[in-house]
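Structure, as structure tokens:
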2 protein chains.
Amino acid sequence: MYSKLTHLQSTFTADCVIFGFEEGELKVLLVERNEYPYKDWWALPGFFVEHSETIDNAVERILYEHTGLRNIFMEQLYTFGDLKRHPQGRVITVAYYALLRLKGQSTLKPHSTYVRQAVWHPVENLPELAFDHAHIIDRSLEKIRQNIKSTPIAFELLPEKFTLTQLQKVYEAILGIALDKRNFRKKMLNYNFLKELDEKQQGVSYRAAKLYKFDKRKYAKIFQNDLSFKK
Amino acid sequence: MYSKLTHLQSTFTADCVIFGFEEGELKVLLVERNEYPYKDWWALPGFFVEHSETIDNAVERILYEHTGLRNIFMEQLYTFGDLKRHPQGRVITVAYYALLRLKGQSTLKPHSTYVRQAVWHPVENLPELAFDHAHIIDRSLEKIRQNIKSTPIAFELLPEKFTLTQLQKVYEAILGIALDKRNFRKKMLNYNFLKELDEKQQGVSYRAAKLYKFDKRKYAKIFQNDLSFKK
DNA sequence: AATATAACGTGTATTTTTTACACTATCATA
DNA sequence: TATGATAGTGTAAAAAATACACGTTATATT
């Protein structure tokens, strides 16, 4: 349906680092490889870039083929070109990453025989990985740790409606530190891009928390001033 | 001496965005092309990546061939892969950038017949550029504007010994805004990574300013704590 | 109905950082 | 010795970050 595979398409591949958040943990999506090299190893979803497509198209296609995921907004992380990262010689790879809102749909169906299954793994406890993929994941983690301080990526990991405690847990999982509840709330609410809803959390066996929504429009209004610095 | 050129090496190139600071202005190094496509146009130093080299090696080699510059620490910016960025089809390019201390040695000698000359141009006033190089420079500028707020890249643009006013000028040129002299000095000196020297500026026809040095060791000590966040 | 449980939701005082703002000092030169 | 040009300096006010603890509420259990 997408690519026909020949012996060696190119020496240029694209890899996807897809993060999700579940059970208070940050997870990353790995595939079990069904082809050499690294047959039977866990790896990032990734494959050769075709000569006729942009890199952006390629990662989109590859992610779909490997995991069934579509319409995921991915951002480029870095391009890796070490001579020894691939056993078949110098294969350059461009890595992309994305943060994903998990909706319980953990049924990920590869559309490619090159991978056997796609499974979420906690980033704190990863199996041994093919190629330099462990390194690529480390670099992605660094990146999102940086980004979470300056951009609203935390919301991409949460359902549309979330509680402030859930939001705090995302920050804590990514930054790897405990945050003060009152200070966290004060700061978040001061930004004025959260909309308090008239709904509460459902199905918990304790006092239900208020739900909030991330308001993109307000965020854009506030941070379009990104370019204006004070002296 | 470096690469022998064949008709079409690959569809993968590397481009270098080299910034310098002179006369209170941020400048970028451009080459005048001597080959098609874009013969006679101004462009970034850039060429095909060989199959046997890492990307890091390639940019180093290419920069030397085009400008005679060596041992420049370059950092990867982004990889561009639009279908229309190159008239010969989809040529992916990985862009690197660097900040350079100009020592009056503006004699840049290409070692390649593919370019005619290499010349510094003020970023505020660039000629029309080949390929998507104007876009690549824009992206590099964004990047260094971000970086100058969190890393000591300003010092890479200055001579080893500099005055606080020169340092402020670098910040102002990159950020594109005027800064308050007293607040700027207070902040910089508070970081404690500047070493005040017993020397003064020479050859100026007005009160000579004190010279300072950037102290890498102190910087490393202070900012190795980068990983420690307050709650 | 009473109680236990588990997370919710809130305020204040202190410290630190950022910002605004203007004049005197010094050196070289005319 | 006067002029021109940049160097060098401090304080007060505002804003942001930090530290810190307990009563509230919904549900489940007895």
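Below, chain A is the first sequence line, B the second, and so on; all start at residue 1. Values in this document were obtained by computation on a predicted structure and should not be read as measured data.
Ring planes of B:Tyr191 and B:Phe193: parallel class, angle under 30° (limits at 30 and 60°).
The side chain of B:Lys210 approaches D:dG8 more closely than any other nucleotide in the set C:dG9, D:dG8, D:dA19. Which of D:dT11, C:dG11, C:dT18 sits closest to the side chain of A:Lys186 comes down to C:dG11. For A:Lys181, the listed nucleotide lying nearest its side chain is C:dT10; candidates were D:dA7, C:dA20, C:dT10. Relative to the side chain of A:Lys187, the nucleotides C:dC21, D:dA17, D:dG8 differ in distance, and D:dA17 lies closest.
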Are there any protein N/O atoms within less than 3.5 Å of an N/O atom in nucleotides 27-29 of chain C, and if so, which ones and at what distance?
unit_1: C:dC27; atom_1: O2; unit_2: B:Arg207; atom_2: N; d: 3.3

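Rounding to the nearest 0.5 Å places CD1 of A:Ile55 at 6.0 Å from OG1 of B:Thr79.
Taking only side-chain nitrogens and oxygens, B:Thr165 never comes nearer than 4.0 Å to OP1 or OP2 of D:dT6.
Legend: residues meeting ring-ring contact (aromatic ring centres under 6.0 Å, His included) with B:Tyr171, ordered by chain and number and at least two apart, are B:Phe184.
Below the 3.5 angstrom threshold, one finds no donor paired with an acceptor across the side chain of A:Asn190 and the base of D:dA16.
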Donor-acceptor pairs under 3.5 angstrom involving side-chain atoms of residues 202-211 of chain A: please list them, not counting sequence neighbours.
unit_1: A:Gln202; atom_1: NE2; unit_2: A:Lys200; atom_2: O; d: 3.4
unit_1: A:Lys210; atom_1: NZ; unit_2: A:Glu196; atom_2: OE2; d: 3.1

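Summarising the geometry, the separation between CZ on B:Arg182 and P on C:dA20 is reported as 12 Å, rounded to the nearest angstrom.
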- Item | ring pair (Phe, Tyr, Trp, His ring centres under 6.0 Å) between A:Phe214 and A:Tyr219, intermediate numbers included | CA-CA 8 Å; A:Phe214 172 63; A:Tyr219 175 80; 5.8 Å; yes
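No close placement of the A:Phe21 and A:Phe19 rings is indicated, their centers lying 6.0 Å or farther apart.
Counting non-hydrogen atoms under 4.0 angstrom, A:Thr163 reaches nothing in the nucleic acid.
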